[in-house]
Every structure is written in structure tokens, then in C-alpha cells.
Amino acid sequence: MLTTYLADIEQMLDEQRWDLALRDAFELPHIAVALADPDLRSSAERCKSWCAQWVEPAESRGSQEEHERICKALCDHLDSGSSTPGSVPSDALRRLRLRRHARNPPRGYPIERLGVQDPKAAKTIEICTAVVEGVRRWYANVACHDATAQGNLARLAVLR
């Protein structure tokens with residue numbers, strides 16, 4: 001389910017559907033934080049902490065300026081969100097849950113994203129890629145061994 005969600009974001013980038021890819025990427029910190037919480041709750045502060053720990057720029061590992069710029073963009077979006085502290089990100093979890101039924105065609109070869117001329121599109125690609133890779137690292141290092149995250153994924157898979 002989570003893998004399909006991440007692949008969908010990458011496919012949207014390949015199809016140059018920037019706004020949809022960015023919307024789903026901005027929801028990833030809320031999804032990760034909610035999956036790790038027994039009550040599926042998320043808050044902007046916990047999402048910011050998650051971003052600081054797991055999100056790194058794809059092109060420049062170790063570049064503090066790039067890391068801060070991406071985290072700032074994510075935090076600005078989190079601050080502008082209308083969710084109340086400690087609320088369940090139900091729309092994000094609903095979209096994640098719906099991905100379990102998705103059967104997407106094979107992606108084939110991805111479009112070369114490095115040569116994008118539009119600065120807004122380049123920024124979107126950078127943010128989305130960094131967050132997707134962050135979720136993959138988080139899942140591989142923490143969530144796949146965490147009983148709470150695994151239980152929440154199982155609950156989402158059977159809820160209708």
C-alpha cells in the first residue's frame with residue numbers, strides 16, 4: 001500500500017502532474033507520523049521532527065543548505081495546514097488506503113527529470129523525491145520493525 005503510494009508520486013512526476021505529486025508528497029510526513037501512532041494521530045510539530053530526521057535532498061547528500069530549504073518548504077506547508085494538533089489525517093490516510101486496490105501499468109523508463117527547465121517544476125521534483133526517499137528510509141529502518149506501524153497498516157488495509 002505504502003509502496004504503491006510512493007510509486008504513484010513518482011509516476012505523477014514522470015507525467016509532469018506537478019500539483020498532484022506535490023499534494024501527495026506533502027501528506028507523506030502526516031502519514032508516516034500517523035502510522036507510528038497507536039491512535040493514527042499526527043501533528044505539525046511531530047511532522048516537522050520527522051522531516052528533520054528523515055528528509056534529505058536527493059542530489060546533495062550532506063548539504064545542510066539544501067536540507068534546510070526542503071524542510072522549510074515542508075514546514076511552511078505544515079504550518080499553513082488546517083489540521084488541529086493531534087488530529088487524524090483522514091484524507092491522507094484515505095488516499096493511502098485506496099492505493100491498495102490500484103493496479104497501475106508498468107512505469108517503463110522514467111522521464112529524465114534533471115533537465116527540467118521550469119524552476120517551479122524543478123523545486124517540486126526535488127521536494128517530492130526527497131520526501132519519497134525519506135519515507136523509504138524511515139520504513140526500512142523503523143516502520144518495518146515497529147509493531148504499531150505494521151498494525152496500523154494492517155488496520156488500514158481491512159477498513160472500508
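Positions are given from 1, in the same order as the sequence printed here. What you see is a predicted model; the values in this text were computed from it and never measured.
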Results of side-chain contact (heavy atoms from CB on, under 4.5 Å) for C71 - residues two or more places apart only: C51, H67

Considering all heavy atoms, the nearest A32-W138 contact: O-CZ2, 3.4 Å

Heavy-atom side-chain proximity of D37 to S42 below 4.5 angstrom: no

Which residues share a ring-ring contact (aromatic ring centres under 6.0 Å, His included) with F26, sequence neighbours left out: H77

K48 atom NZ, over 12 foreign heavy atoms within 6.0 Å: yes

Residues which pass salt bridge (Lys or Arg N to Asp or Glu O under 4.0 Å) with E68, listed by chain and number, not counting sequence neighbours: none

Nearest-0.5 Å distance, CD of residue E45 to SG of residue C75: 8.5 Å

Which atom of P29 lies closest to which atom of V131, heavy atoms considered: CD-CG1, 4.2 Å

Side-chain donor-acceptor contacts of residues 139-148 below 3.5 Å, not counting sequence neighbours, with atom names and distances?
unit_1 : atom_1 : unit_2 : atom_2 : d
Y139   : OH     : Q150   : NE2    : 2.9
N141   : ND2    : R137   : O      : 2.9
D146   : OD2    : A149   : N      : 3.3

Inter-residue atom distance D19.CG - D24.CG, 0.5 Å rounding: 11.0 Å

Distance (rounded to the nearest 0.5 Å) between L6 CG and I31 CD1: 8.5 Å

Spacing of I70 atom CD1 and I127 atom CD1 [to the nearest 0.5 Å]: 6.5 Å

Rounded distance (nearest 0.5 Å) linking atom CG of D118 with atom CH2 of W18: 8.0 Å

Stepwise side chain to side chain contact (heavy atoms under 4.5 Å, CB included) test for L156 and L35: CA-CA 10 Å; L156 289 172; L35 288 175; 3.8 Å; yes

Distance (rounded to the nearest 0.5 Å) between R23 CZ and L28 CG: 11.0 Å

Side-chain heavy-atom pair T129, L13 within 4.5 angstrom cut-off: yes

pair V33-H30: side-chain heavy atoms closer than 4.5 Å: no

Results of salt bridge (Lys or Arg N to Asp or Glu O under 4.0 Å) for R69 - residues two or more places apart only: E66, E126

Side chain to side chain, V135 and Y5, heavy atoms closer than 4.5 Å: no

Side chains of E15 and L20 in contact at under 4.5 Å (non-hydrogen atoms): no

Salt bridge E133-R136, side-chain N to carboxylate O under 4.0 Å: no

Residues which pass side-chain hydrogen bond (donor to acceptor under 3.5 Å, both in side chains) with K72, listed by chain and number, not counting sequence neighbours: D76

